[in-house]
Amino acid sequence: MLAKGDDRKLRILEVAERLLARNGWRNTSLAQIAKAAGVSPAGLLHHYESKEQLLNAVLDARDDDDDEHADRTGDLVTEICKVAERFDRAPELVGTFTVLLVENIAPDAPLHDRLLKRQRAAVDIVADLIGRAQRAGRYRNDFDPAIKAVEILAFTNGMETAWLLDPSIPLVDVFKGYAEMLARDFEPVDRSTT
C-alpha cells in the first residue's frame with residue numbers, strides 16, 4: 001500500500017500522462033494537471049519542482065515499463081511481438097511518449113537531448129540483439145544490424161503514432177506480421193540447396 005504522499009505523487013503522474021498524451025506539453029499547464037489530479041498547484045510542486053521535472057518523470061515511467069517488460073538479451077522477433085502488449089497495458093505511456101517525442105524534435109526543446117540519447121540507446125540494444133543472432137548463425141550476415149535497428153524502431157514509433165490516430169488498428173496482428181516478416185528476411189540462406 002502506498003503512503004498518502006506517494007499515492008498523490010502517482011496520481012499526479014498518471015494525470016500528467018493522460019493530459020500530455022491528449023494535449024502535448026506545450027498545451028498542458030501544471031495548474032491543469034494539479035486541478036485534474038485534485039491537488040493544489042503548491043501540492044503538485046511539492047512532488048515535482050518544475051514542469052521539466054514532471055516531463056522527465058513521465059519518461060522515467062515509460063523507461064521503467066520497458067525495463068520491466070522487455071528482455072534486452074532475448075529473441076528479437078519475440079520482443080517485437082510483445083511490443084503490442086504495451087498498448088493495452090499502458091496506453092497513456094504510449095500516447096505520452098509519442099507526443100513528447102514529436103514535440104521535442106527541435107534541438108532546443110526541453111527533452112530533445114534525453115530523447116535523442118534514448119533513441120540512440122534503443123538502436124544499440126536492437127542492433128546488439130541482431131548482431132548476436134548473426135554471430136550465432138540464426139540470422140543472415142549480409143546486412144548491417146544498426147541500419148535494420150533504425151528501421152525496426154521507425155516501424156514501432158510509426159505504429160504508436162498510427163494507433164493514436166486510429167485505436168482500432170489490430171496491433172497484435174500487425175506486430176506479429178511484421179515480426180514474422182523479419183524472421184523470414186533474417187533467415188540464413190542454405191547455400192547447399194541453391
Side-chain angles (χ1 to χ4, degrees), residues 5-70 72 79-80 82-129 146-147 149-167 171 175:
D6 291 337
D7 182 54
R8 189 170 293 134
K9 187 173 185 176
L10 182 60
R11 188 170 63 248
I12 292 167
L13 186 63
E14 289 170 349
V15 167
E17 290 168 0
R18 189 175 65 250
L19 291 178
L20 290 167
R22 186 173 56 221
N23 304 324
W25 70 268
R26 288 184 176 98
N27 295 318
T28 303
S29 69
L30 290 179
Q32 289 171 308
I33 294 168
K35 182 178 180 182
V39 300
S40 68
L44 184 147
L45 291 171
H46 171 73
H47 295 289
Y48 300 100
E49 296 174 7
S50 67
K51 189 173 187 179
E52 190 168 338
Q53 187 183 52
L54 181 56
L55 293 174
N56 277 291
V58 167
L59 289 178
D60 289 344
R62 165 70 183 246
D63 290 346
D64 291 346
D65 184 74
D66 283 349
D67 290 343
E68 183 178 341
H69 294 97
R72 293 190 170 110
E79 292 305 304
I80 290 171
K82 286 173 37 180
V83 169
E85 295 169 8
R86 180 189 301 129
F87 294 80
D88 287 328
R89 182 181 65 251
E92 278 81 20
L93 290 179
V94 172
T96 303
F97 176 78
T98 302
V99 170
L100 290 177
L101 182 63
V102 171
E103 285 189 322
N104 284 277
I105 293 208
D108 62 341
L111 298 174
H112 174 83
D113 291 343
R114 177 177 177 168
L115 289 165
L116 179 60
K117 182 179 176 184
R118 187 187 194 285
Q119 171 71 12
R120 289 176 175 164
V123 168
D124 290 344
I125 290 166
V126 174
D128 184 59
L129 286 172
I147 300 286
V150 169
E151 173 196 306
I152 291 166
L153 291 168
F155 168 80
T156 303
N157 289 338
M159 285 309 305
E160 290 179 348
T161 303
W163 176 77
L164 287 173
L165 187 61
D166 180 5
L171 289 171
F175 275 88

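Worth saying up front: this structure is predicted, and the values here are computed from it rather than measured.
Pairing each heavy atom of Ala109 with each of Asn104, the nearest pair is CB-OD1, 3.2 Å.
Residues Val58 and Leu13 meet the side-chain proximity criterion, which asks for heavy atoms closer than 4.5 Å. Looking only at side-chain heavy atoms (C-beta outward), Arg8 and Leu44 stay at 4.5 Å or farther from each other. A 4.5 Å side-chain heavy-atom check between Val99 and Leu20 finds every atom pair outside the cut-off. Counting heavy atoms from C-beta on, the side chains of Arg62 and Thr96 never come closer than 4.5 Å. Side chains of Leu116 and Arg120 form a contact here, defined as non-hydrogen atoms less than 4.5 Å apart.
Residues Arg11 and Asp7 are paired through a salt bridge, judged by an N-O separation under 4.0 Å between the basic side chain and the carboxylate.
Note that the CG atom of Asp124 and the CG atom of Leu129 stand 11.0 Å from one another [nearest 0.5 Å]. Atoms CG and CG, on Asp67 and Asp60 in that order, are 10.0 Å from each other to the nearest 0.5 Å. Between atom NE2 of residue His47 and atom CG of residue Leu45 there is a gap of 10.5 Å, rounded to the nearest 0.5 Å. Rounded to the nearest 0.5 Å, atoms CG (Asn157) and CD1 (Ile152) are 12.0 Å apart. Distance CD1/Ile33 to CG/Leu54: 5.0 Å, rounded to 0.5 Å.
Phe97 pairs with exactly one of Asp66, Asp65, Leu59 by the side-chain contact (heavy atoms from CB on, under 4.5 Å) rule, that one being Leu59.
Ring geometry for Phe175 against Phe87 counts as tilted: the plane angle lies between 30° and 60°, on a 0 to 90° scale.
For residues 50-59, the side chain to side chain donor-acceptor pair (under 3.5 Å) pairs, not counting sequence neighbours, are Asn56-Arg114. Applying the side chain to side chain donor-acceptor pair (under 3.5 Å) definition to pairs two or more places apart or across chains, those involving residues 16-26 are Trp25-Glu103.
Under the 3.5 Å distance criterion, with hydrogens and angles disregarded, a donor-acceptor pair is assigned to the side chains of Arg89 and His69.
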